[in-house]
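Notes follow once the structure below has been shown.
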Amino acid sequence: MIKEWATVVSWQNGEALLHCDVKASCSSCASRSGCGTRVLNKLGPQTSHLLTVPSEQPLVAGQKVELGIAEGSLLGSALLVYMSPLVGLFLCSGLFQTLFGTNLAAMCGALLGGVGGFLLARGFSQHFSRRESWQPVILSVALSPDALRVDTSAPPAENQ
């Protein structure tokens with residue numbers, strides 16, 4: 001199970017609206033200056049995600065919850081998203097190269113196959129997203145923000 005913490009935005013009728021921050025893939029290793037992944041993370045948009053998860057327990061805005069998703073569903077979706085355009089690219093490129101015998105035809109086939117694989121992955125992902133096993137679930141709930149208070153004032157002095 002892959003776990004991540006999220007913040008509750010709202011809770012109504014057994015549905016929790018959660019806010020998840022996107023984390024960079026790395027930020028603490030010793031080779032930060034020469035890391036290509038870190039450079040790519042700086043280029044992309046730093047966004048957050050809102051998602052709706054069923055929750056029987058009433059939640060308060062600002063409360064933290066731990067979400068979990070099965071490894072199999074995450075690996076399956078990654079395989080679908082990355083491999084279908086790649087397979088489409090290679091298959092159509094090889095097919096066009098064989099049929100027409102030119103590099104320009106192979107490049108056009110690669111473009112068509114990549115876009116076709118992307119569209120195929122998009123259609124299948126909408127179908128797979130309805131599966132209950134591919135949905136995130138709430139694993140644990142932290143205390144609400146106002147449940148714990150710390151008094152930092154000095155205790156009253158005792159008269160002797």
Side-chain angles (χ1 to χ4, degrees), residues 1-32 34-100 103 105-144:
M1 180 82 45
I2 297 179
K3 301 173 185 177
E4 184 65 46
W5 285 93
T7 306
V8 176
V9 176
S10 67
W11 181 85
Q12 292 178 342
N13 302 326
E15 294 283 324
L17 182 64
L18 304 174
H19 175 266
C20 295
D21 290 325
V22 174
K23 292 184 179 177
S25 61
C26 65
S27 63
S28 62
C29 74
S31 64
R32 283 186 280 185
C35 181
T37 303
R38 182 170 181 179
V39 173
L40 288 175
N41 284 336
K42 288 182 180 180
L43 295 176
Q46 298 295 321
T47 60
S48 60
H49 299 286
L50 288 175
L51 51 125
T52 305
V53 177
S55 171
E56 298 295 323
Q57 178 180 356
L59 300 171
V60 179
Q63 193 170 9
K64 297 282 188 181
V65 295
E66 185 179 28
L67 294 176
I69 189 166
E71 287 98 350
S73 64
L74 186 66
L75 291 174
S77 62
L79 186 68
L80 177 69
V81 167
Y82 289 112
M83 292 305 290
S84 57
L86 188 62
V87 168
L89 181 139
F90 283 125
L91 286 178
C92 286
S93 176
L95 180 66
F96 276 45
Q97 176 70 35
T98 303
L99 290 176
F100 301 109
N103 289 338
M107 288 188 332
C108 291
L111 180 65
L112 287 174
V115 170
F118 172 75
L119 294 174
L120 186 69
R122 187 175 180 198
F124 276 119
S125 68
Q126 290 174 354
H127 171 71
F128 288 143
S129 69
R130 294 185 198 103
R131 289 184 177 178
E132 189 171 324
S133 63
W134 285 44
Q135 299 299 317
V137 293
I138 295 177
L139 300 175
S140 63
V141 179
L143 290 174
S144 63

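Quick caveat: nothing in here was measured; it's all calculated off a predicted structure.
Looking at I69 and L67, their side chains never come closer than 4.5 Å, going by heavy atoms from C-beta outward. In this structure, the side chains of V81 and S125 stay at 4.5 Å or more apart for every pair of heavy atoms. For the pair L59 and I138, the minimum side-chain heavy-atom distance is below 4.5 Å.
The minimum heavy-atom distance between L143 and Q63, with the atom names listed, is O-CG, 3.8 Å. For the pair A70 and M1, the tightest heavy-atom approach, listed with the atom from each and the gap, is N-SD, 4.0 Å. The two atoms that bring L51 and P136 nearest to each other are CD1-CG, 3.9 Å, heavy atoms only.
Judged purely by atom type and a 3.5 angstrom limit, S93 has no side-chain atom pairing as donor or acceptor with the backbone of F90. No donor-acceptor pair under 3.5 Å is formed between the side chain of E66 and the backbone N or O of W5.
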Show every donor-acceptor pair shorter than 3.5 Å between a side-chain atom in residues 7-14 and any protein atom, with sequence neighbours excluded, or say none if there are none.
unit_1	atom_1	unit_2	atom_2	d
T7	OG1	K64	NZ	2.9
W11	NE1	S55	O	3.1
W11	NE1	Q57	O	3.4

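Rounding to the nearest 0.5 Å gives a distance of 8.5 Å between CG of L111 and CG of L89. Going from atom CZ of F100 over to atom CG of L95 covers 8.0 Å, rounded to the nearest 0.5 Å.
Heavy atoms of other residues, nucleotides or ligands lying less than 6.0 angstrom from CZ of F128 number more than 12.
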